[in-house]
**Q** 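Quick one: structure below, then a few questions.
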Amino acid sequence: MERTTPVIPAQDVAKQREYCQEIRAINAQHAQAPTAFVDTYGCQQNEADSELLRGMLCEMGYEIVHDGEHADLILINTCAIREHAEQRVFGNVGALVHGKRRNPNQIICLCGCMAQEPHVVERLRQSYQHVDLVFGPQVLWRFPEFMRRIYLRRGRVFETAPAEGAIAEGLPVRRSGKIKAWVSIMYGCNNFCTYCIVPYTRGRERSREPEIILSEIRQLVAEGYKDITLLGQNVNSYGKDLGTGMDFPTLLEQANAIEGEFLLRFMTSHPKDATQRLFDVMAKCEKVAPCIHLPFQSGNTRVLSAMNRRYTREQYLDKVKALRERIPNVVLTSDVIVGFPGETTPEFEDTLSLIEEVRYDALFTFIYSPRKGTPAAEMEDPLSREEKSANFNRLVEAQNRISLEKHQAYIGTIQHCLVDGESEDPRNNLNARTPGGRLVHLNGDVGLIGQFVDVKITDYSTWALFGELI
Ligand code: SAH
Ligand code: SF4
Ligand code: F3S
């Protein structure tokens, strides 16, 4: 096996940190530290990227704020997965023009997946002149260099050329939580599902070195983090590019061996690469949470093939069976698309029957959204919007009933939960998570946040469980 992971040389990352110091010195000339607001759309990968961007901004001498309106710098980390996500970004970016008129020194930046779509970049160039800096996810590590260019007043900066991407280690990070943490283990996607923009926006699959990942986890545990999620578009491909025989189940085993009381989660798993060995390792590793997000997308084999998912309905169901044989109480969640081009209503009904057969704990349901540049966007799409919506509603209704029934079965059980924050529920002040990740509302001392407690489940709704400390 040959190693193919492209890695950014350490001195190039060090150079970026020098730029941070240069900017910091300029910022220090003002009486007050400038403020920065980072607004994040999309998936956990973007959340994790925003923590790096905030880390770099702190190093540049910015104070991070949680409201954009008056910030000296606004950075919008965008998502391109569906039309709706993009419309929101365009709306919000458009509205920033007024603030910029009041404060012409304000710096407005846009990064993330939308910055890798040529038609979006063109629109930003032409019609959103108040945006100063646009850069894609593959060059995120060069953010300080782009900022330096802005500081030296060389006009607008666009760094949006298509890029396969590389691994940059040693960037500063500023995490948002104290209990839960994201750890990216790999970037990019090679799967090219025909509906999906991610392989075009995030570049090729590449894995971080296991030693670096493990030492990051060790440090998080030492700092008191209790719930660590390993991130990748398809974590089951982890290690293929390292050329060492390393794979995801092995990484999980090694992470599980780290001492301390904490939980390991991961997302996302592509079903075609979810193996018996993964299920065996999950079952045997006590720190690996008994849950898995296993997107099926469609219950119909013809549609799955048109989506380029590379598994059949039967193969998917076999994996679920194997998983449940190893971990009977596993919490299973999934993603599904309704209205893929050419999907007929009888084909959609295979999706309905699949969810009845599997009985997911929760489901993320999406109506297909054409993405420019993907093969599916060129496919015939005869089904009307109304029919798609009707199918979508049937699916949501069925899943809501299943989720409710699944939650009902928790009544009277005792769950070893991690209290992870304050609740917005009017009757309960705390939020907790079952080992499988289901949300539990309960009452208790805020001092319990960050601790594992035993909770007796007393009530439920479609979305959450309710319980009492015991
Ligand atoms: N890498 C993950 C998915 C990331 S995108 C995986 O393969 O599991 C999250 C979800 O968005 C996908 O699982 C899919 O259900 C949905 N999605 C992606 N592209 C979409 C599109 N064009 N229209 C509607 N939903 C889409
Ligand atoms: Fe998109 Fe498929 Fe890659 Fe997931 S595996 S990110 S759905 S192309
Ligand atoms: Fe969106 Fe990019 Fe994530 S398109 S879902 S932010 S990988």
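Keep in mind that this is a model prediction, so the values were computed, not measured. Counting starts at 1 for both ligands and their atoms, following the listed order. Computed from heavy atoms alone, side chains included, the values below leave out hydrogens, waters and symmetry copies.
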**Q** Taking the six-membered ring of Phe366, is the NZ or CZ of Arg82 close enough (under 6.0 Å from the centre) and on axis enough (within 45°)?
**A**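 Checked: cation-pi criterion met.
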
**Q** Just jot down the ligand 2 atoms closer than 4.0 angstrom to any heavy atom of Phe192, in number order.
**A**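 Near Phe192, the atoms of ligand 2 are 8 (S).
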
**Q** For ligand 1, which atoms have a heavy atom of Pro295 less than 4.0 angstrom away?
**A**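 Under 4.0 Å from Pro295, ligand 1 has these atoms: 8 (O).
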
**Q** Please confirm whether Gly112 approaches ligand 3 to less than 4.0 Å, judged on its heavy atoms.
**A** no

**Q** Side chain, backbone, both or neither: which applies to Gln233 and ligand 3 if a contact is any heavy-atom pair less than 4.0 Å apart?
**A**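 Side chain only; the backbone of Gln233 stays clear of ligand 3.
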
**Q** Using a strict 4.0 Å cut-off to heavy atoms of His270, name the atoms of ligand 2 that fall inside it.
**A** 5 (S)

**Q** Any heavy atom of Arg309 sitting closer than 4.0 Å to ligand 2?
**A**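 In this structure, Arg309 qualifies as a contact of ligand 2 - some heavy atom is under 4.0 Å.
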
**Q** State whether the shortest distance between N or O atoms of Gln297 and N or O atoms of ligand 1 falls below 3.5 angstrom.
**A** yes

**Q** Which residue and non-hydrogen atom of the protein lie closest to atom 6 (S) of ligand 3, and at what distance in Å?
**A** Asn46 ND2, 3.4 Å

**Q** With heavy atoms of Gln233 as the reference, note each atom of ligand 2 found under 4.0 Å away.
**A** 6 (S)

**Q** Short list, please: which atoms of ligand 2 are under 4.0 Å from a heavy atom of Cys189?
**A**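 The atoms of ligand 2 under 4.0 Å from a heavy atom of Cys189 are 3 (Fe), 5 (S), 6 (S), 8 (S).
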
**Q** Taking a cutoff of less than 4.0 Å between a non-hydrogen atom of the residue and any ligand atom, is Ile81 in contact with ligand 1?
**A** yes

**Q** Should one rank Pro295, Gly188, Cys193 by closest heavy-atom distance to atom 8 (S) of ligand 2, which comes out on top?
**A**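 Checking each option, the heavy atom nearest atom 8 (S) of ligand 2 is found in Cys193.
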
**Q** About how many Å separate CD1 of Ile213 and CD1 of Ile228, when rounded to the nearest 0.5 Å?
**A** 12.5 Å

**Q** Which one holds for Arg371 and ligand 1: side chain close, backbone close, both close, or neither close, with close meaning a heavy atom under 4.0 Å?
**A** side chain

**Q** Where is the nearest protein heavy atom to atom 2 (Fe) of ligand 3: which residue, which atom, and how far?
**A** Cys113 SG, 2.2 Å

**Q** Taking only non-hydrogen atoms of Ile337, do any sit less than 4.0 angstrom from ligand 1?
**A** yes

**Q** Measuring to atom 3 (Fe) of ligand 3, does Cys43 have an N/O/S atom at a distance below 2.8 Å?
**A** yes

**Q** Quick check on contacts: which atoms of ligand 2 are under 4.0 angstrom from a heavy atom of Cys196?
**A**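 Near Cys196, meaning under 4.0 Å from one of its heavy atoms, ligand 2 has 1 (Fe), 6 (S), 7 (S), 8 (S).
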
**Q** So is Asn191 touching ligand 1 or not, going by heavy atoms under 4.0 Å?
**A**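 No heavy atom of Asn191 comes that close to ligand 1.
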
**Q** Show which atoms of ligand 2 fall inside a sub-4.0 Å distance from at least one heavy-atom site of Pro199.
**A**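 Per the distance check, 8 (S).
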
**Q** If we count only N and O atoms by modelled type, under 3.5 Å, do the side chains of Gln399 and Ser403 hold a donor and an acceptor together?
**A** yes

**Q** Which atoms of ligand 1 are found less than 4.0 Å from any heavy atom of Arg309?
**A**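 Answer for ligand 1: 7 (O).
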
